[in-house]
Amino acid sequence: MKKLSELRSQLDRCSKCGNCQAVCPLYLETKREPLVARGKVFLLDNLIEGRVGWSRRMEEVISLCLLCRTCEVNCPNGVQVARLVLAARAELALARGLSIWKKTAFHYLLTSSGNLNLLARLLYLYQRSGLQSVARKSGLLQALPWGLEDKERLLPMVGRRAFARTVPPVMEAPGEKRRVGYFYGCMTNHAYPGIGQAFLTVMQANGVTVVLPPQVCCGLPALASGDREAVVKLAKRNIGWFRAAGVDRVVVDCASCGSMLKEYGELMGTREAGEFSQKVRDVAEFLTEEVDIRPGAYPVEMTVTYHDPCHLKRYQGIHRAPRELLHAVPGLALREMEGADRCCGSAGSFNLTHCRLSMRVGSHKTRNILATGAEAVVTGCPACRLQLAKGLEQGGSAVPVVHTLEILSRSYLGGKEMG
Amino acid sequence: MYQAVVERLKHIVDGKNVVTALEDRMTYAYDGTMQTGVPGVVVFPRTAQQVAEVLRLANREGIPVYPRGAGTGLSGGSVPEQGGIALVLTDMNRILEVDTGNLLAVVEPGVVTEALQQEVERVGLFYPPDPGSLKSCTIGGNIAENAGGPRALKYGVTRDYVLGLEVVTPTGEILRTGGKTVKNVTGYDLTRLMTGSEGTLGVITRAVLRLIPRPQDVRTAMAVFATVEGAAEAVAEVSRRGILPTTLELMDDVTIRCVENYLRMGLPLDAGAILLIEVDGFRPAVDEAIVTVEKVCRELGATGVKVAASPAEREELWRARRAVSAAIVQLKPTKISEDATVPRSRVPEMVRRLKAIAQKYGLTMAIFGHAGDGNLHPNILADRRDPEEMARVELAVEELFRAALELEGTLSGEHGIGSMKAPYLPLEVGETGIRVMRGIKQVLDPNNILSPGKMLWG
Ligand SMILES: Cc1cc2nc3c(=O)[nH]c(=O)nc-3n(C[C@H](O)[C@H](O)[C@H](O)COP(=O)(O)OP(=O)(O)OC[C@H]3O[C@@H](n4cnc5c(N)ncnc54)[C@H](O)[C@@H]3O)c2cc1C
Ligand code: SF4
Ligand code: SF4
């Protein structure tokens with residue numbers, strides 16, 4: 001993992017052309033230069049040169065990035081902005097320490113899946129017990145600082161039981177053709193177990209045996225907060241468990257986790273991590289390239305639109321595969337929206353730390369989705385799903401958001417209900 | 001910045017539109033060049049009234065003001081080299097009117113050029129000026145720099161589309177120039193004076209822009225030549241045959257090799273020049289024109305000519321040209337981009353001289369640009385952290401300016417003088433030119449508070 005000062009050549013590459021202004025979702029929203037790639041690059045350059053230090057404002061500016069990499073793909077000089085911002089956040093974490101709640105979360109809760117279960121259960125109780133609606137109605141939340149009321153709305157509805165607890169460690173496929181390890185990620189596990197079920201259905205139907213080794217958070221939230229130590233800890237555990245499972249593929253249904261797992265190699269620089277990363281495939285990538293996929297016989301008569309997660313399109317270069325899968329589903333019509341690959345504004349915990357700005361970024365997405373008249377939005381990342389659903393809800397729309405796998409799964413099972 | 005002034009500014013514009021934290025101010029210290037200067041305060045006005053009040057205050061207190069659009073300028077014009085107020089106009093970004101009857105648009109200065117183009121194209125109209133930065137730069141910046149672009153050969157530059165302006169003078173008065181008519185000879189042509197004045201004479205707060213009907217279609221060809229001379233001959237012959245292309249983009253051998261190394265799209269590495277030629281107009285007319293273009297190129301020794309048969313193929317041909325910036329910085333991180341311009345018949349000689357200059361100073365130079373109007377972009381590639389190399393760059397740049405003038409050209413075809421070329425301005429306009437310009441400046445800006453240090457004081 002490179003330090004900021006080792007990335008000086010990246011800083012030098014920026015010609016300050018301003019091309020990033022045309023695409024950075026945060027700049028387009030605010031028209032303020034500290035938020036665009038060019039501004040951050042210039043500030044980081046000055047930070048290295050010692051002309052500015054880690055002030056509160058500097059900290060805030062560095063937190064104001066979606067890590068969506070839209071600027072990078074439009075940068076004539078190939079400046080790796082996300083990498084620079086991550087390095088800066090790591091530097092900051094070292095210089096000033098992580099905020100207490102983040103530290104606790106990353107080191108204590110996330111490194112032990114058992115504890116995350118506990119947290120999830122508390123959330124579940126909170127949501128189910130009626131406390132949530134009491135809190136909402138009483139205006140208690142409004143009284144709290146920094147727009148907690150918005151944040152609260154962004155917490156996922158947590159399922160009664162974690163997905164992993166509802167399935168055996170191995171799901172043998174009849175007439176097994178392949179055997180893969182499944183990395184389901186925290187969001188699928190706790191908020192969207194339906195995605196996990198769909199994963200299993202699709203794999204079963206295509207002769208793929210699924211192994212579900214124990215696993216912890218991929219580490220992306222920690223990385224985005226600059227806590228590299230936590231990432232390494234988490235990575236080591238995941239790598240160990242999947243090696244023990246003896247699988248030659250690690251298939252992921254979360255774009256964010258997928259991009260993180262694929263970076264373990266580079267991040268840790270060990271051969272073991274490199275080999276692990278080589279095995280990682282996003283589920284759409286896996287299904288289109290490594291399985292002779294046959295969609296089910298039940299037609300899914302509906303019109304959908306597809307949202308490209310940043311972590312699929314720009315981090316992993318995957319955007320055709322999910323569309324191919326959707327096109328193959330009988331009865332389904334795909335209607336592209338304008339700006340399908342525009343960031344939804346979720347960006348990990350950005351939607352919690354900069355809630356209003358995040359929702360503003362998302363509002364364009366909501367508008368573009370509704371303009372297609374689609375009956376559902378399909379995407380490949382549960383984190384985007386949460387954000388898209390909140391955006392649609394706020395926009396007064398009942399259009400559901402689903403994972404590509406859930407559409408596919410429907411073609412095997414039939415049935416109408418979505419979302 | 002004095003606290004009292006900041007308080008006054010907060011009174012004029014909304015408090016959140018006055019920014020004083022060092023980190024924020026630093027991000028308004030640069031433009032598209034390597035020049036920097038941190039402003040004392042950054043102000044985002046929303047109306048001409050607010051701009052006028054800010055300027056009155058500054059004039060009274062003797063505070064420098066630097067107007068700024070998107071900060072993509074390539075001559076250091078918006079860089080607050082003497083501190084003071086960075087007056088950022090990007091919040092004034094409304095398109096107030098698109099008048100299809102009178103073929104004009106009324107806009108605020110912060111409108112992004114491409115946004116205007118998209119808006120007028122929706123109603124079948126066309127705003128032709130197309131600087132390479134059009135996705136980011138603002139109309140205010142375009143007018144202030146009199147920006148051009150590849151289409152200038154046929155359609156002219158920003159100046160040719162400005163009918164009228166609302167300008168706040170450095171003393172804080174609101175001046176209206178021109179109007180809504182194409183013909184207007186009432187009084188001095190202040191519209192033209194303000195256009196290209198680089199933020200030294202006034203702050204543009206509104207513009208009436210001329211539009212034209214959108215051309216029905218475009219055709220694109222790419223031709224490969226063994227030498228720049230061959231390409232230049234083809235350029236001349238095309239117009240002798242009665243065709244005025246929209247675009248004639250030239251890339252020299254160094255540029256071609258950079259692009260090919262970068263994209264691996266099969267460009268010939270032994271070529272001396274590539275021309276990208278575009279014609280637009282009614283469909284039957286462009287279909288005929290592109291055939292003639294192809295014929296001319298072949299007759300004049302093009303080793304390969306490709307005509308795009310579809311929009312996708314057109315994109316493919318443009319891909320090489322669009323990749324130039326990215327491709328050349330693969331060689332070295334810092335690019336020094338000039339835009340010296342010569343009459344187009346002197347293009348081959350200018351290219352020869354540029355190459356000699358690069359060789360003399362041991363520098364790498366890629367030359368590309370607009371062969372149709374003689375506006376070349378010699379880009380020197382260097383490393384800004386190598387002071388010895390940067391010193392050679394400076395010498396080479398000065399020699400390059402002299403070469404352009406000797407060939408009856410100009411220091412700058414479109415990027416402007418700003419602070420970068422200010423020292424060389426007398427070379428071109430002479431003592432009298434400087435005196436007249438300073439006289440005009442003195443009348444409008446007696447206390448020299450607007451963009452001090454730029455253009456006239458090198
Ligand atoms: C990649 C790239 C490609 C480019 N290609 C071209 C090209 O093809 N052709 C070309 O001509 N230029 C080109 N440029 C240069 C630049 O984009 C233009 O000069 C553009 O017009 C600047 O607009 P801006 O909004 O960024 O202005 P800024 O850079 O913010 O300001 C430029 C000048 O205008 C003044 N100014 C800005 N707004 C106002 C206002 N409202 N009132 C008064 N003064 C004002 C400033 O004080 C400054 O002197 C390119 C730049 C880049 C980075
Ligand atoms: S697009 Fe790239 S080179 Fe240009 S200003 Fe942004 S980061 Fe810098
Ligand atoms: S990564 Fe996204 S949010 Fe961050 S600077 Fe680039 S475009 Fe803007």
Side-chain angles (χ1 to χ4, degrees), chain A residues 7-24 26-64 70-79 88 92 338, chain B residues 16-17 19-36 38 42 44 68-74 86 88-93 110 112-115 132-138 141 262 322-330 332-337 379 383-385:
Chain A
L7 294 172
R8 174 168 266 166
S9 67
Q10 285 296 323
L11 297 170
D12 283 351
R13 275 176 158 236
C14 173
S15 62
K16 307 205 194 70
C17 68
N19 278 17
C20 38
Q21 285 184 350
V23 295
C24 171
L26 298 183
Y27 183 81
L28 290 174
E29 223 47 64
T30 60
K31 299 244 176 262
R32 292 295 182 267
E33 192 79 20
L35 279 78
V36 79
R38 177 171 72 164
K40 288 180 200 116
V41 169
F42 188 71
L43 282 175
L44 291 179
D45 198 2
N46 279 282
L47 184 82
I48 291 187
E49 301 292 336
R51 284 188 283 264
V52 274
W54 274 120
S55 60
R56 280 233 163 276
R57 181 59 184 155
M58 190 71 178
E59 191 178 334
E60 193 174 329
V61 169
I62 292 310
S63 79
L64 282 163
T70 319
C71 51
E72 291 184 21
V73 295
N74 288 284
C75 173
N77 303 322
V79 178
L92 172 68
E338 204 180 305
Chain B
K16 70 176 192 312
N17 294 323
V19 170
T20 54
L22 172 65
E23 294 79 3
D24 293 83
R25 288 186 284 122
M26 269 189 150
T27 65
Y28 293 91
Y30 50 73
D31 66 356
T33 64
M34 284 182 298
Q35 308 290 305
T36 53
V38 184
V42 188
F44 302 87
R68 181 184 170 100
T72 67
L74 290 177
V88 185
L89 295 143
T90 45
D91 283 355
M92 292 176 71
N93 63 348
V112 171
T113 310
E114 190 187 54
S133 48
L134 62 88
K135 286 175 191 291
S136 315
C137 65
T138 67
Y262 185 61
R322 293 217 173 91
V324 167
S325 279
I328 60 177
V329 288
Q330 304 299 317
K332 288 203 162 175
T334 310
K335 80 184 153 209
I336 296 90
S337 170
N379 274 247
D383 183 348
R384 73 178 160 110
R385 295 192 190 270

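Below, read A as the first sequence line, B as the second, and so on, with proteins coming before strands; counting in each chain starts at 1. Since the model is a prediction, treat every value here as computed from it, not as a measurement.
If you measure heavy-atom distances from B:S133 to chain A, you find no contacts under 4.5 Å at all. Neither the backbone nor the side chain of A:N74 comes within contact range of chain B; no heavy atom of the residue lies under 4.5 Å from a heavy atom of that chain. Of the atoms belonging to B:A323, not a single heavy atom falls under 4.5 Å from chain A. Heavy atoms closer than 4.5 Å to chain A are found in the side chain of B:Q330, but not in its backbone. For chain A, the nearby part of B:K335 is the side chain; its heavy atoms alone come within less than 4.5 Å. B:R68 touches chain A through its side chain: at least one heavy atom from C-beta onward sits under 4.5 Å away, while N, CA, C and O do not. Interface remark: B:T334 contributes no atoms to any contact with chain A (heavy atom separation under 4.5 Å).
The CH2 atom of A:W54 sits 10.0 Å away from the CD atom of B:E23 when rounded to the nearest 0.5 Å. With rounding to the nearest 0.5 angstrom, the NZ atom of B:K332 is 13.0 Å from the CG atom of A:D12. Expressed to the nearest 0.5 Å, how far SG of A:C17 lies from CG of B:L74 amounts to 9.5 Å.
Remark: side-chain polar atoms of B:S325 are not paired, donor with acceptor, to backbone N or O of A:P76 under 3.5 angstrom. Using a distance-only test at 3.5 Å, with no hydrogens or angles considered, a donor-acceptor pair links the side chain of A:Q21 to the main chain of B:A70.
Between A:R8 and B:D383, none of the side-chain N atoms (NZ, or NE/NH1/NH2) sits under 4.0 Å from a carboxylate O, so this pair counts as no salt bridge. Salt bridge present: A:R57 and B:D24 bring a charged side-chain N and a carboxylate O closer than 4.0 Å. Under 4.0 Å is where a charged nitrogen must lie from a carboxylate oxygen, and between A:R38 and B:D31 no such pair does.
Two residues are said to be in side-chain contact when any heavy atoms from C-beta on lie closer than 4.5 Å; B:D91 and A:K31 meet this criterion. Inter-residue side-chain proximity for B:M26 and A:R51 is flagged as met; some heavy-atom pair is nearer than 4.5 Å.
What you find for A:E33 and B:Y28 is that their closest heavy atoms are N-OH, 2.9 Å. Nearest heavy-atom pair across B:S136 and A:G18 is OG-O, 2.9 Å. In plain terms, the two heavy atoms of A:G39 and B:Y30 that are nearest each other are CA-OH, 3.2 Å.
The greatest number of non-hydrogen atom pairs below 4.5 Å with chain B, out of A:L43, A:L47, A:V23, A:N19, is found for A:L43. In terms of heavy-atom pairs under 4.5 angstrom with chain A, the leader among B:P333, B:A115, B:G71 is B:G71. Put simply, of B:R384, B:M34, B:R322, the one with the most heavy-atom pairs under 4.5 Å next to chain A is B:R384.
The 12-atom threshold is exceeded at NZ of A:K16, counting heavy atoms of other residues, nucleotides or ligands nearer than 6.0 Å.
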